[in-house]
Amino acid sequence: MKILKSIAEIRAYGKAVAGTLGFVPTMGALHPGHLSLVERSRNETDLTVVSIYVNPTQFNNPNDLANYPETLTVDLQMLEAAGVSAVFMPTYELLYPDDYAYEVDEKQFSKELCGENRPGHFTGVLTVVMKLLNLVKPQKAYFGEKDFQQLSLVKGMVEAFFLETEIIGCPIIREDDGLAMSSRNLNLSRCDRRKAPLFCRLLSNPKWSDEHLKARLVRAGFEVDYVLTKGSRRFGAVVMGDPAAPVRLIDNVEVVS
Ligand code: PAF
């Protein structure tokens with residue numbers, strides 16, 4: 001498995017590939033959800049590149065950035081065992097030569113749901129994904145449906161800017177107790193980890209209105225950021241834990257009433 005750190009290396013890698021290239025962008029702290037994206041890419045393309053980069057421009061809260069889990073040594077072992085061909089690990093200086101003077105902003109859906117209380121979050125996500133797609137130039141890129149809003153915004157950006165990568169959404173991978181796998185779960189206290197699956201269980205009840213569900217979540221001790229049903233999908237975000245180092249959980253489920 002090659003470790004690519006410079007812009008020249010990642011560009012040269014993409015150009016030298018004879019077959020199709022699949023790409024899985026990550027911020028590290030990898031879990032089986034990420035590995036399911038890698039596996040899908042390995043099944044559908046000839047070579048898979050993964051990026052590991054904790055993108056500061058998508059964090060609107062400096063504490064959240066400072067507390068973001070880092071497990072690099074294990075991540076690299078997992079990726080090697082999963083058959084990844086190359087890992088791209090850039091720095092801020094390399095990815096943002098403009099010091100974030102240029103950005104990709106979506107003016108509608110990115111301001112709702114997770115965008116409402118996290119101003120600038122999706123602008124940071126879209127900007128870094130645009131940069132990564134331009135550097136890696138994959139035929140296919142894989143994103144998890146846990147971040148459903150991110151997935152649809154990335155799809156929209158690719159269409160709007162005529163990018164040549166196909167964006168593929170992959171199902172949420174859950175723990176046995178139903179909690180959606182997320183790097184941030186590592187930051188849950190033992191007590192909050194025990195309580196966290198209740199979020200998904202309550203979210204999945206098709207009989208409750210969004211308002212009723214919100215009240216039930218609050219009663220269960222969650223701080224609710226939002227609960228909103230759009231079409232046949234219900235989206236939710238809650239915050240748990242110490243206010244000095246809160247852990248934000250997001251999830252979404254298909255609701256058929
Ligand atoms: O989903 C993530 O881990 C990040 O938002 C992404 C897509 C790697 C961009 O930094």
Side-chain angles (χ1 to χ4, degrees), residues 4 10 22-38 40-41 48-62 64-72 74-76 78-79 82 84 86-92 94-96 100 102-106 109-110 113-115 117-136 138 140-158 161 163 165-173 180-187 235 237 247-252:
L4 311 171
I10 186 67
F23 177 49
V24 179
T26 81
M27 299 204 296
L30 302 182
H31 52 68
H34 294 111
L35 294 183
S36 75
L37 307 181
V38 167
R40 177 92 181 260
S41 172
T48 295
V49 174
V50 172
S51 63
I52 298 181
Y53 177 64
V54 183
N55 174 40
T57 66
Q58 70 189 75
F59 286 81
N60 57 313
N61 177 339
D64 191 21
L65 175 60
N67 292 328
Y68 200 81
E70 204 235 84
T71 55
L72 186 59
V74 182
D75 290 351
L76 294 176
M78 285 163 81
L79 294 178
V84 164
V87 181
F88 178 44
M89 295 198 299
T91 59
Y92 179 83
L94 288 181
L95 267 193
Y96 291 92
Y100 203 32
Y102 289 82
E103 61 183 27
V104 180
D105 188 33
E106 193 274 351
F109 191 36
S110 72
L113 300 175
C114 284
N117 284 334
R118 299 186 71 191
H121 167 64
F122 285 116
T123 302
V125 170
L126 293 177
T127 304
V128 81
V129 171
M130 171 76 101
K131 286 170 186 272
L132 291 169
L133 293 179
N134 280 334
L135 288 170
V136 180
K140 298 183 182 206
Y142 298 82
F143 292 79
E145 285 183 350
K146 182 179 77 66
D147 299 293
F148 199 90
Q149 191 178 9
Q150 166 174 284
L151 167 65
S152 43
L153 287 165
V154 168
K155 278 187 179 162
M157 176 183 80
V158 161
F161 290 95
L163 303 185
T165 301
E166 183 186 351
I167 303 300
I168 295 171
C170 303
I172 299 176
I173 305 294
M181 289 196 185
S182 163
S183 306
R184 285 188 170 85
N185 294 351
L186 290 174
N187 287 345
F235 299 86
V247 181
R248 198 163 180 281
L249 303 178
I250 64 171
D251 205 338
N252 64 87

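For ligands, and for the atoms within them, numbers begin at 1 and follow the listed sequence. Just so you know, residue 1 is the first one in the sequence shown, and it goes up from there. Here the structure is a predicted model, which means the values were calculated and not measured.
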P25: numbered ligand 1 atoms lying under 4.0 Å from its heavy atoms: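 The list of qualifying atoms is 8 (C).
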List ligand 1 atoms under 4.0 Å from V128, heavy atoms only on the residue side.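 It comes down to these atoms of ligand 1: 9 (C), 10 (O).
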Looking only at heavy atoms, what is the nearest atom pair of G22 and P138, with distance?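 In terms of heavy atoms, the two residues are closest at C-CB, 4.4 Å.
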Counting both backbone and side chain atoms, is some N or O of Q150 under 3.5 Å from an N or O of ligand 1? yes
Are any of the N or O atoms of Q58 closer than 3.5 Å to those of ligand 1?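 Checking ligand 1 against Q58, an N or O pair does fall under 3.5 Å apart.
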Can a donor-acceptor pair be found between the side chains of N55 and Y96 at a distance below 3.5 Å? yes
Short version for V154: what comes under 4.0 Å of ligand 1, heavy atoms counted, is neither
Output yes when a side-chain donor or acceptor of S41 lies under 3.5 Å from a complementary backbone atom of L37, and no otherwise.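 Not confirmed, S41 side chain does not pair with L37 backbone.
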D147 side chain near I250 side chain, heavy-atom distance below 4.5 Å: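 Yes, side chains in contact.
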Please write down residue, atom name and distance for the protein heavy atom closest to atom 3 (O) of ligand 1. M27 CG, 3.6 Å
Answer yes or no: are there more than 12 heavy-atom neighbours, outside Y92 itself, under 6.0 Å from its atom OH? yes
